[in-house]
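Scroll down for the structure; my scribbles are underneath it.
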Amino acid sequence: MLPAYDPLTICEPIAGGAARQEMIMRGCLDWQERTREEIALLWDKVPGPVQETCAAATKPSGDYWKLKTCIDK
């Protein structure tokens with residue numbers, strides 16, 4: 001099963017106190033969602049050991065981009 005991460009944990013620190021905080025937050029959330037959707041399309045084709053290793057490696061960060069990068073390696 002595809003890991004479920006909360007994109008807010010990644011995006012809030014990125015947006016931080018930036019003057020364009022709302023725009024940055026929306027862009028970050030959109031990026032995380034698009035990456036999650038891309039992973040979801042191929043997740044069933046990823047070998048089980050890769051799923052387990054990558055899910056465990058990226059769980060602390062909760063970042064779909066890091067999960068995708070791990071899978072691509």
Side-chain angles (χ1 to χ4, degrees):
M1 186 158 153
L2 178 65
Y5 299 143
D6 179 9
L8 288 176
T9 60
I10 293 295
C11 296
E12 284 178 339
I14 291 171
R20 296 181 181 186
Q21 182 178 8
E22 185 179 336
M23 186 174 84
I24 293 169
M25 180 65 103
R26 275 189 274 135
C28 179
L29 291 172
D30 181 58
W31 178 257
Q32 286 289 312
E33 180 60 22
R34 283 186 287 135
T35 304
R36 188 198 65 75
E37 289 172 359
E38 187 176 331
I39 295 167
L41 291 174
L42 61 88
W43 188 251
D44 291 337
K45 297 175 185 101
V46 175
V50 174
Q51 287 180 356
E52 292 171 19
T53 300
C54 290
T58 59
K59 184 177 181 177
S61 70
D63 188 341
Y64 285 111
W65 177 249
K66 288 182 181 179
L67 178 61
K68 183 177 180 331
T69 301
C70 180
I71 292 167
D72 288 347
K73 288 182 181 178

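For this chain, numbers begin at 1 and follow the sequence in order.
The two residues W43 and Q51 make their nearest non-hydrogen contact at O-NE2, 2.6 Å. When all heavy atoms of L2 and A40 are compared, the pair lying nearest together is CD2-CB, 3.8 Å.
The shortest side-chain heavy-atom distance between L67 and R36 does not fall under the 4.5 Å cut-off. The shortest side-chain heavy-atom distance between P3 and T58 does not fall under the 4.5 Å cut-off. Put simply, the side chain of L42 reaches to within 4.5 Å of the side chain of I71, judged on heavy atoms.
Salt-bridge annotation for E38 and R34: absent, with no side-chain N of the basic residue lying under 4.0 Å from a carboxylate O of the acidic one.
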Discussion item. If you apply the rule salt bridge (charged side-chain N to carboxylate O under 4.0 Å, His left out), what do you find for K68 with D72, and how did you get there?
Written reply: CA-CA 6 Å; K68 183 177 180 331; D72 288 347; 2.6 Å; yes

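In this structure, SG on C11 lies 6.0 Å from CE on M25, to the nearest 0.5 angstrom. The CH2 atom of W65 sits 13.0 Å away from the SG atom of C70 when rounded to the nearest 0.5 Å. Summarising the geometry, atom NZ belonging to K66 is positioned 13.0 Å from atom SG belonging to C54; distances are rounded to the nearest 0.5 Å. Distance check: I10 CD1 to L29 CG gives 11.0 Å after rounding to the nearest 0.5 Å.
In this structure, T9 contributes its side chain and D6 its backbone to a donor-acceptor pair below 3.5 Å. In this structure, the side chain of Y5 does not engage the main chain of Q32 through any donor-acceptor pair within 3.5 Å.
Both V50 and I39 sit in one connected hydrophobic cluster of ILVMFWY residues. Membership requires side-chain heavy atoms under 4.5 Å apart, directly or through other members.
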